[in-house]
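Basis for what follows: all heavy atoms, side chains included, without hydrogens, waters or symmetry-related copies.
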Amino acid sequence: MPLRLVFMGTPDFAVPTLLELVGRGHEVAAVYTRAPKPAGRGMKLQPTPVEQEARRLGIPVLTPTTLKTPEALEEFNGHHADAAVVVAYGMILPKTILDAPPLGCFNLHGSLLPRWRGAAPINRAIMAGDAESGVMVMKMDVGLDTGDVAMAERLTITDTITAADLHDALAPLGADLMVRAMGALERGRLQLSKQSEAGVTYAAKIEKAEARIDWNKPAREVLRHVHGLSPFPGAWCEVGIEGEPVRIKILRCELVNRSGAPGEMLDDRLGIACGESAIRILELQRAGKQAMKAAEFLRGSPIAPGTVLR
């Protein structure tokens with residue numbers, strides 16, 4: 001028999017999993033997501049991507065501000081769910097909620113646990129120069145991504161992949177993985193393994209203060225920093241344009257075999273020297289402007305070779 005589930009998620013990353021669960025015949029009794037927030041020019045309340053999809057599917061939506069009250073537990077128990085599926089929900093589940101479904105609460109996490117427990121595993125894996133990432137289904141406990149792991153899928157990280165690219169690749173991969181895990185759970189055949197105590201790392205939330213580019217670092221570290229923060233918050237530097245310092249975000253770049261003083265513009269095609277070797281900017285965004293390809297940017301804002309980016 002298909003499972004009766006509570007789904008808990010918020011951003012775009014969670015939507016494919018919700019759709020796959022419904023598409024495979026599981027009964028989603030309710031969707032929990034974060035409350036709408038003001039957005040756009042008119043600052044109108046904008047429901048989360050998960051809420052929008054749930055309402056389209058006709059699934060009841062709840063947006064509690066806390067799950068720690070007796071009332072929240074009573075409401076949760078009222079769904080009579082076999083299990084809960086959690087994907088980037090953005091709220092801590094207390095032990096009372098974790099213990100409520102008979103079969104447990106299962107989280108889809110965007111890393112190869114125990115590496116990159118925490119808030120920003122996709123960004124941190126790229127920024128750290130990891131050769132691979134992946135998704136894992138974990139049975140949740142009260143720790144921070146410390147629960148027993150059921151299934152995993154791996155994906156290679158190349159130097160061309162940005163955080164947006166990795167996000168978009170992992171979301172459907174994770175949806176398929178969670179559906180397979182719920183199928184095994186339904187049949188009573190889901191096997192769980194303890195996480196290793198070795199290799200634990202934490203993916204701290206990305207702070208805007210760490211987004212400034214350090215041109216003294218080797219080119220590959222600069223590239224991974226750029227790609228790990230693309231498109232948000234965006235790795236940035238300042239360059240003089242028409243006598244004024246202008247902030248630009250670099251969104252995509254490639255390695256080039258050149259050398260020069262760190263931060264020096266090496267040619268008229270946005271080749272920039274690093275502490276070791278160099279990068280070439282492929283896509284960027286000037287403050288207050290739309291993202292654009294390098295050639296388009298240079299047509300409106302040519303930068304002379306020898307200019308130093310700060």
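Between Leu284 and Arg252, every side-chain heavy-atom pair lies at or beyond the 4.5 Å cut-off. The shortest distance between side-chain heavy atoms of Leu62 and Val31 does not fall below 4.5 Å. You'll find the side chain of Ile248 reaches within 4.5 Å of the side chain of Val239, heavy atoms only. Residues Asp268 and Leu298 fail the side-chain proximity criterion, which asks for heavy atoms closer than 4.5 Å. Ile206 places a side-chain heavy atom less than 4.5 Å from the side chain of Pro233. With contacts defined as side-chain heavy-atom distances shorter than 4.5 Å, the pair Thr201/Arg117 does not qualify. Using a 4.5 Å heavy-atom cutoff, the side chains of Pro36 and Gln46 are not in contact. Inter-residue side-chain proximity for Ile122 and Phe13 is flagged as met; some heavy-atom pair is nearer than 4.5 Å.
Looking at Ser230, its side chain does come within 3.5 Å of a backbone N or O of Leu251 through a donor-acceptor pair. With Arg247 contributing its side chain and Cys237 its backbone, the two residues share no donor-acceptor pair below 3.5 Å. Counting only distance, with no hydrogens or angles, the side chain of His26 and the backbone of Glu20 share no donor-acceptor pair below 3.5 Å. Although no hydrogens or angles enter the test, the distance criterion places a donor-acceptor pair under 3.5 Å between the side chain of Arg4 and the main chain of His79. Side chain of His227 to backbone of Asp159: a donor-acceptor contact under 3.5 angstrom is found. Checked by atom type and distance alone, the side chain of Glu210 pairs as donor or acceptor with a backbone atom of Glu207 at under 3.5 Å. A distance-only check finds no donor-acceptor pair linking the side chain of Ser133 to the backbone of Leu155 [under 3.5 Å].
Grouping the Ile, Leu, Val, Met, Phe, Trp and Tyr side chains by contacts below 4.5 angstrom, directly or via other members, places Trp116 apart from Ile126. The hydrophobic cluster containing Val87 does not contain Val6, counting ILVMFWY residues as joined when their side-chain heavy atoms lie under 4.5 angstrom apart, directly or transitively. Note on Leu170: it does not cluster hydrophobically with Leu229, by side-chain heavy-atom contacts below 4.5 Å among ILVMFWY residues. Phe106 and Phe7 fall within a single hydrophobic cluster, where Ile, Leu, Val, Met, Phe, Trp and Tyr side chains are chained together by heavy-atom contacts under 4.5 Å. Under the 4.5 Å side-chain heavy-atom criterion for grouping Ile, Leu, Val, Met, Phe, Trp and Tyr, Met178 is not connected to Met8 through any hydrophobic cluster.
The neighbour count for Ile92 CD1, taken as heavy atoms of other residues, nucleotides or ligands under 6.0 Å away, does not exceed 12. More than 12 heavy atoms of other residues, nucleotides or ligands sit less than 6.0 Å from atom CZ of Arg180. Around the CZ atom of Arg269, the shell of radius 6.0 Å holds no more than 12 heavy atoms that belong to other residues, nucleotides or ligands.
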Residues 135-149 side chain polar contacts: donor-acceptor under 3.5 Å, at least two apart:
from	atom 1	to	atom 2	distance (Å)
Asp141	OD1	Gly143	N	3.0
Asp141	OD1	Thr146	OG1	2.7
Asp141	OD2	Thr146	OG1	3.3
Asp145	OD2	Gly118	N	2.7

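The side-chain contact (heavy atoms from CB on, under 4.5 Å) search around Met265 returns Leu270, Ile272, Ile303, Thr307, Leu309, not counting sequence neighbours. With sequence neighbours excluded, the residues that form a side-chain contact (heavy atoms from CB on, under 4.5 Å) with Glu296 are Met292, Arg299.
Of all heavy-atom pairs spanning Ser111 and Pro121, the tightest one is CB-CB, 3.7 Å. Minimum interatomic distance between Lys208 and Trp236 (heavy atoms only, all atoms of both residues): O-NE1, 4.5 Å. In terms of heavy atoms, Pro101 sits closest to Ala83 at CB-CA, 3.6 Å. Residues Met91 and Pro64 share a closest heavy-atom pair of CE-O, 3.2 Å. Ile59 and Val28 make their closest contact through CG2-O, 3.6 Å (heavy atoms, listed as atom of the first residue, atom of the second, distance). Ser259 and Ala273 get closest at one heavy-atom pair: C-CB, 4.2 Å.
Side-chain atoms of Thr63 and Thr33 form no donor-acceptor pair, as typed in the model, at a separation below 3.5 Å.
Ionic pairing of Glu132 and Arg154 is present here: one or more N-O contacts between side-chain nitrogen and carboxylate oxygen are shorter than 4.0 angstrom. Between Arg258 and Glu264 there is no salt bridge, since no side-chain nitrogen of the basic residue lies less than 4.0 Å from a carboxylate oxygen of the acidic one. Using a 4.0 Å cut-off between charged nitrogen and carboxylate oxygen, Asp130 and Arg124 do not count as a salt-bridge pair. In summary, Asp267 and Arg280 engage in a salt bridge, as defined by a charged side-chain N under 4.0 Å from a carboxylate O. The pair Glu221-Arg224 does not meet the salt-bridge criterion, since no charged nitrogen lies less than 4.0 angstrom from a carboxylate oxygen.
If you take CG on Leu223 and OG on Ser277, they are separated by 10.5 Å, rounding to the nearest 0.5 Å. Annotation: the span from Asp12 atom CG to Gln52 atom CD amounts to 8.5 Å, rounded to 0.5 Å. Here Thr17 contributes atom OG1 and Met182 contributes atom CE; the two are 10.5 Å apart, rounded to the nearest 0.5 Å. Considering NZ of Lys95 and CG of Leu73, their distance stands at 11.5 Å, rounded to 0.5 Å. Note that CG of Leu190 is 9.5 Å distant from CG of Leu103, once rounded to the nearest 0.5 Å. Put simply, CZ on Phe76 and SG on Cys105 are 5.0 Å apart, with the number rounded to the nearest 0.5 Å.
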Residues Leu67, Leu93; criterion side-chain contact (heavy atoms from CB on, under 4.5 Å); working and verdict: CA-CA 7 Å; Leu67 295 170; Leu93 273 59; 4.2 Å; yes
Criterion side-chain contact (heavy atoms from CB on, under 4.5 Å) on Leu3 and Glu27, from CA distance to verdict: CA-CA 6 Å; Leu3 296 173; Glu27 181 185 1; over 6 Å; no
Stepwise salt bridge (Lys or Arg N to Asp or Glu O under 4.0 Å) test for Glu238 and Arg310: CA-CA 5 Å; Glu238 288 185 342; Arg310 303 293 182 185; over 6 Å; no
CA sep, side-chain torsions, deciding dist, call: Thr10, Tyr32, side-chain contact (heavy atoms from CB on, under 4.5 Å): CA-CA 8 Å; Thr10 295; Tyr32 281 64; over 6 Å; no
Residue pair Arg55, Val61: steps toward the side-chain contact (heavy atoms from CB on, under 4.5 Å) verdict: CA-CA 7 Å; Arg55 294 200 182 281; Val61 174; 3.7 Å; yes
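For Phe232 and His167, the ring centers sit 6.0 Å or farther from each other.
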